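Heads up, the thing below is written out as structure tokens.
The residues of the chain are indexed from 1 along the displayed sequence. If you're wondering where the values come from, they're calculated on a predicted model, not measured in any experiment.
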Amino acid sequence: MNLEIYLPTALLALGTLVVAWRQPRMHPAWTARILILFIGGSALAVLGLLAFLVVMATGVWTPAKAALAGGLLADNGRVPLLVGVAAGALLVLIAVAVTCSALRWRRELREARAVGTGVVADERPYAVAVPGHDGGVILSSGLVGMLSRRELEVVFRHEAAHLEHRHHLYLMAGSVFTRVFPCLAYPYRALRYALERWADEDAAVAVGDRVLTARTIARVALAQPPAAPGRLALTGSHVTRRVTALLGRTPPDSRIAGPVLFGGAWMAAGSAISPTVTHHVNLVLVLL
């Protein structure tokens, strides 16, 4: 078995961890886009590698077909049956985990929509963004009673930013990719933080007061119960770091650096995936 087949997947996964650990200094909107690109690329590379191992262990790979494929494929020997069985079992487990994750998202979304939108009668202080055509922003009566009008505007602008930029799609994709490759759990947490920071910055710009935005997030975090409905709650992730960031300097808009770095990340992820994908596609075509 040629170990070069594993190298692109390993390098891409390592790069994803590095990007999550040392996030680029730019607007969190571009940080989130770069992170989901690397997370998705790593998960797809892992899926391709597992599928390749299963095919190579089936016994249909012959020297004649290897010679026909040529190049890198010709250097690959037969994969041990035990390795192929393990890869197949992992694919089944991944399918089950992804299905369970999708069903959980659907259940939570249904429960959140059942609560309604606008101000709901609930003494627990929380705010949640509910995506979808019949979704919107949920504010509990407990939260409305404890915040001033300006603070409520911060809360509403934050949740509206989640809906406007479709952050639930980032979270759903990241959750699925993490089920495919559990080592992406740390980058997924970094993605959640970037999405919250994105909404924080939108709210701060909308109300024109970064200190007020930081104070509101801190107040809601201290009062919000851990069992607030939904995943797009105001205090969903890394509250202390978010407050500190809001009290610091405004991040650059990254109108030039953002697209440039995103394009570079796209090329880097594509370069890491393409050898593996091309290799596997060639293998399938030869076997057919």
task: Determine the minimum heavy-atom distance between Val137 and Ala160, stating which atoms define it.
output: CG2-N, 4.1 Å
- request: Check the angle between the aromatic planes of Tyr170 and Trp198 and answer parallel, tilted or perpendicular using the 30° and 60° thresholds.
  value: perpendicular
task: Answer whether the closest heavy-atom distance between the side chains of Cys100 and Val96 falls below 4.5 Å.
output: yes
- prompt: Does the side chain of Glu196 pick up a donor-acceptor pair with the side chain of His167 at under 3.5 Å?
  reply: no
- prompt: So do the side chains of Arg210 and Val205 get within less than 4.5 Å of each other, counting heavy atoms only?
  reply: no
query: Out of curiosity, Thr31 OG1 to Leu195 CG, how far, rounded to the nearest 0.5 Å?
result: 10.0 Å
- request: Check Ala204 against Leu246 and note the closest heavy-atom contact, atom names and distance.
  value: CB-CD2, 4.2 Å
query: When rounded to the nearest 0.5 angstrom, what distance separates NE2 in His162 from CD in Glu159?
result: 5.0 Å
- request: Mind running side-chain contact (heavy atoms from CB on, under 4.5 Å) on Val220 and Leu147 for me, showing each step along the way?
  value: CA-CA 9 Å; Val220 177; Leu147 298 181; 4.0 Å; yes
task: Keeping the roles fixed (side chain from Thr244, backbone from Thr240), state whether a donor-acceptor pair exists under 3.5 Å.
output: yes
message: Using the side chain to side chain donor-acceptor pair (under 3.5 Å) definition, which of the options His165, Arg197, His158 pairs with Asp202?
response: His165
message: Pair Glu151, Met146 - check side-chain contact (heavy atoms from CB on, under 4.5 Å), show working.
response: CA-CA 9 Å; Glu151 289 171 332; Met146 67 172 279; over 6 Å; no
- request: From the options Leu184, Val18, Thr16, Leu191, select the one residue that forms a side chain to side chain contact (heavy atoms under 4.5 Å, CB included) with Phe38.
  value: Thr16
message: Within this structure, what is the CZ-CG distance for the pair Phe181 and Leu47, rounded to the nearest 0.5 Å?
response: 10.5 Å
